[in-house]
Amino acid sequence: MAGTDQLSVVFSALADPTRREILVALAEHDATVTELTAPLPISMPAVSRHLKVLERAALISRTRSGKWRGSRLEAAPLRDAADWIDRYRRFWDSSLTRLDAHLAVVQAATTSEHQEP
């Protein structure tokens, strides 16, 4: 993904449910490929490919100690993605507040029309 901004790389990595499941597991504790593969219905090489995508997105870091190769969640890129999404949450909250106000006016008008003088 040469030339792609980091936020796009993060969202691309998060688009896959298996990678999101891996991140959930790594949020609990650091893990090896073997540990990450155990609950998944895919092969160890497939998990390794997902880990490479997550590593390129800087969502995980990988360490090696002898034969042990662990993966660790790196939360900073998730914070950047959450901050980006949060701007739109504020937009929707504001839109929904305006919709609530409009519906209250419509409901009040409807209620007053149905009341007998």
Side-chain angles (χ1 to χ4, degrees):
M1 292 189 151
T4 303
D5 67 285
Q6 185 60 25
L7 191 57
S8 295
V9 174
V10 169
F11 280 122
S12 179
L14 293 173
D16 185 276
T18 299
R19 290 193 284 270
R20 292 192 305 269
E21 194 169 337
I22 289 169
L23 291 176
V24 167
L26 291 175
E28 301 269 328
H29 58 80
D30 297 356
T32 64
V33 175
T34 303
E35 293 167 329
L36 292 169
T37 302
L40 299 172
I42 59 175
S43 67
M44 205 175 292
V47 169
S48 290
R49 287 190 295 274
H50 284 294
L51 291 173
K52 286 177 186 173
V53 171
L54 292 169
E55 189 173 26
R56 276 194 304 273
L59 290 165
I60 67 166
S61 60
R62 300 180 80 189
T63 57
R64 177 169 281 193
S65 176
K67 290 184 178 184
W68 187 85
R69 183 168 175 126
S71 295
R72 167 179 298 205
L73 177 67
E74 298 295 338
L78 290 172
R79 169 55 50 206
D80 295 340
D83 289 346
W84 187 86
I85 290 170
D86 192 51
R87 284 183 260 158
Y88 295 94
R89 182 193 55 80
R90 288 190 299 266
F91 166 78
W92 282 110
D93 285 348
S94 173
S95 296
L96 291 174
T97 299
R98 288 191 310 271
L99 178 60
D100 283 344
H102 174 73
L103 292 175
V105 168
V106 169
Q107 186 175 22
T110 303
T111 301
S112 67
E113 288 176 8
H114 288 77
Q115 290 179 348
E116 295 185 32

*Test item: Leu14 and Arg19 side chains (from C-beta on) under 4.5 Å apart, heavy atoms*: no

_Under 3.5 Å donor-acceptor, Arg72 side chain and Ser61 backbone_ = no

*asked:* Are Leu59 and Glu74 packed together at the side-chain level, in the sense that at least one heavy-atom pair is separated by less than 4.5 angstrom?
replied: no

*Roughly how far, to the nearest 0.5 Å, is the CG atom of Leu23 from the NE2 atom of His50?*
11.5 Å

*Is the shortest heavy-atom distance from the side chain of Ile22 to the side chain of Ile60 under 4.5 Å?*
no

*Would you indicate whether Arg89, at its atom CZ, is surrounded by more than 12 heavy atoms from other residues, nucleotides or ligands within a distance under 6.0 Å?*
yes

_Is it the case that atom CZ in Arg20 sees more than 12 heavy atoms from other parts of the structure closer than 6.0 Å?_
yes

_Side-chain H-bond candidate by donor/acceptor type, Thr97 with Asp100, under 3.5 Å_ = no

*Hey, does Thr18 have a side-chain heavy atom less than 4.5 Å from the side chain of Ile42?*
yes

*Distance-only, no hydrogens or angles: does the Ser12 side chain make a donor-acceptor pair with backbone N or O of Ser8 under 3.5 Å?*
no

*asked:* Can you give me the closest heavy-atom contact between Pro39 and Glu21, atom names plus distance?
replied: O-OE2, 4.5 Å

*Any side-chain heavy-atom pair from His29 and Leu73 closer than 4.5 angstrom?*
no

_Contact check, side chains of Val47 and Leu40, non-hydrogen atoms, under 4.5 Å_ = yes

*Checking Ser65 side chain against Trp68 main chain: does a donor-acceptor pair fall under 3.5 Å?*
no

*Considering non-hydrogen atoms only, spot the tightest contact between Ala31 and Leu26 and give its length.*
N-CD2, 3.7 Å

*Quick one: closest heavy-atom pair of Thr37 and Ser43, and the distance?*
CG2-C, 4.0 Å

*How far apart are the closest heavy atoms of Ala57 and Ala13, and which atoms are they?*
CB-CB, 3.8 Å

_Is it the case that the side chain of Glu35 and the backbone of Thr32 share a donor-acceptor pair, with hydrogens and angles ignored and the cut-off at 3.5 Å?_
yes

*Got a second to check how far Ser71's OG is from Leu51's CG, nearest 0.5 Å?*
4.5 Å

*asked:* Would a single hydrophobic cluster contain both Tyr88 and Leu7, if residues Ile, Leu, Val, Met, Phe, Trp and Tyr are joined by side-chain heavy-atom contacts under 4.5 Å?
replied: yes

*Criterion side chain to side chain contact (heavy atoms under 4.5 Å, CB included) on Arg62 and Val33, from CA distance to verdict*: CA-CA 10 Å; Arg62 300 180 80 189; Val33 175; 3.6 Å; yes

*Is the shortest heavy-atom distance from the side chain of Val53 to the side chain of Val9 under 4.5 Å?*
no

*Rounded to the nearest 0.5 Å, what separation is found between the CZ atom of Phe11 and the CG atom of Asp80?*
9.5 Å

*Electrostatic pair Asp83:Arg79 at N-O distance under 4.0 angstrom*: yes

